[in-house]
Number of protein chains: 2
Amino acid sequence: MEIREILAHNLKTYRRAQGLSQEELAHRAGIDRTYISSLERCVYAAGIDVVDSLAKVLGVEASDLLKRPERGASRRRS
Amino acid sequence: MEIREILAHNLKTYRRAQGLSQEELAHRAGIDRTYISSLERCVYAAGIDVVDSLAKVLGVEASDLLKRPERGASRRRS
DNA sequence: ATGTGACTTTCAGTCCGTG
DNA sequence: ACACGGACTGAAAGTCACA
């Protein structure tokens, strides 16, 4: 799994957990709207400083955004 | 503490733990020697793909390179 | 074996828009 | 609220010579 994909996944997950839209997140992090969209679609390899500012808005550590998701336990059993 | 400094610190620490010179690390990661030097001196905010390739050579996760160092327990008592 | 300045090229990141 | 495109700018990516 590519590092961009990991970031994209975590970004999307944490963002939704906070109930934020891409626009809201972009605004609060002082980053362009369309760039967030690009990151979640793995268009760019973000710089660590934007990872850091995104992490701050999302209330997590920068390193958390680069952690590969858990192997087994993703799906919620209905 | 700035994210660049964290990366610089961890990079240096892990590199030395592996007994690698900047040149060796650079060579193995397919990156220029002087660029490693720049990163360890906080000249740039590296991209996550660079962080990832460095992490692979150092045998750690990309997220480990962005983890802020432990508060207390760094200095070894002589 | 590393720091640093000067340099060129690539791409991250912005800003405008559309569907 | 999001995907996606074009055009642009500045910083990162990459190279070299010298201390």
Side-chain angles (χ1 to χ4, degrees), chain A residues 1-69 74, chain B residues 1-69 74:
Chain A
M1 196 183 198
E2 199 105 18
I3 190 72
R4 299 186 188 194
E5 302 178 283
I6 297 176
L7 177 65
H9 178 267
N10 290 335
L11 201 53
K12 203 176 293 188
T13 303
Y14 284 123
R15 178 173 66 80
R16 286 175 174 163
Q18 294 290 322
L20 294 174
S21 66
Q22 291 181 347
E23 283 178 335
E24 262 297 307
L25 174 58
H27 178 67
R28 296 194 194 181
I31 291 174
D32 193 75
R33 194 194 97 229
T34 65
Y35 186 57
I36 303 289
S37 171
S38 299
L39 287 185
E40 291 193 357
R41 281 172 307 143
C42 307
V43 176
Y44 299 121
I48 59 172
D49 48 0
V50 313
V51 173
D52 194 45
S53 48
L54 287 171
K56 273 170 188 144
V57 173
L58 294 171
V60 295
E61 293 289 327
S63 58
D64 293 327
L65 290 179
L66 293 187
K67 277 201 186 99
R68 42 183 84 255
S74 56
Chain B
M1 196 183 198
E2 200 115 7
I3 189 73
R4 299 186 188 195
E5 302 177 285
I6 297 177
L7 177 65
H9 176 87
N10 290 334
L11 201 54
K12 203 175 293 188
T13 303
Y14 284 122
R15 177 172 66 79
R16 288 175 173 162
Q18 295 289 322
L20 295 174
S21 66
Q22 290 182 349
E23 279 181 335
E24 262 297 307
L25 175 58
H27 177 67
R28 296 194 194 182
I31 293 175
D32 193 78
R33 192 204 104 225
T34 63
Y35 186 59
I36 304 289
S37 171
S38 298
L39 288 185
E40 291 192 359
R41 283 168 13 228
C42 307
V43 176
Y44 299 123
I48 58 172
D49 46 0
V50 172
V51 174
D52 193 45
S53 47
L54 287 173
K56 273 170 187 143
V57 173
L58 294 171
V60 295
E61 294 288 326
S63 57
D64 293 327
L65 289 179
L66 293 187
K67 276 200 187 101
R68 22 181 32 92
S74 56

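Quick caveat, the model's predicted, so the values are computed rather than measured.
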*What residue among Val57(B), Leu54(B), Leu39(B) forms side-chain contact (heavy atoms from CB on, under 4.5 Å) with Ile31(B)?*
Leu54(B)
*asked:* Run Arg15(A) and Glu40(A) through side-chain contact (heavy atoms from CB on, under 4.5 Å) and show every step you take.
replied: CA-CA 11 Å; Arg15(A) 178 173 66 80; Glu40(A) 291 193 357; 2.7 Å; yes
*If you look at every strand shown and take non-hydrogen atoms under 4.0 Å, does Gln22(A) touch a base, only sugar-phosphate, or nothing?*
sugar-phosphate
*Can you find a heavy atom in the side chain of Asp64(A) that is under 4.5 Å from one in the side chain of Tyr14(A)?*
yes
*Between Arg16(B) and dA1(C), does any side-chain N or O lie under 4.0 Å from OP1 or OP2?*
no
*Roughly how far, to the nearest 0.5 Å, is OG of Ser38(A) from CZ of Arg4(A)?*
11.0 Å
*May I have the step-by-step check of side-chain contact (heavy atoms from CB on, under 4.5 Å) for Val60(B) and Leu65(B), ending in yes or no?*
CA-CA 8 Å; Val60(B) 295; Leu65(B) 289 179; 4.3 Å; yes
*Heavy-atom distance under 4.5 Å between the side chains of Leu66(B) and Leu66(A), does that happen here?*
yes
*Watson-Crick or G-U stems involving DNA chain C, each at least 3 pairs long, distances under 3.5 Å, ordered by first number*: C:2-7 with D:14-19, C:9-19 with D:2-12
Contact list (N/O, under 3.5 angstrom) for nucleotides 15-17 of chain C vs protein:
unit_1, atom_1, unit_2, atom_2, d
dC15(C), N4, Thr34(A), OG1, 3.4
dG17(C), O6, Arg33(A), NH2, 2.7

*Can you tell if the side chain of Arg28(A) reaches within under 4.5 Å of the side chain of Leu20(A), non-hydrogen atoms only?*
yes
*Roughly, in whole Å, what's the span from CD1 in Ile31(B) to C1' in dC16(D)?*
18 Å
*Within residues 36-61 of chain B: residues closer than 4.0 Å to DNA chain C (heavy atoms)*: Ser37(B), Arg41(B)
*Would you say the side-chain atoms of Arg33(A) and Ser37(A) include a donor-acceptor pair closer than 3.5 Å?*
no
*asked:* Is any side-chain heavy atom of His9(B) closer than 4.5 Å to one of Glu5(B)?
replied: no
_In whole Å, I'd like the distance from the NZ atom of Lys12(B) to the P atom of dA1(C)._
17 Å
*Glu61(B)/Lys67(A) salt bridge by N-O under 4.0 Å criterion*: no
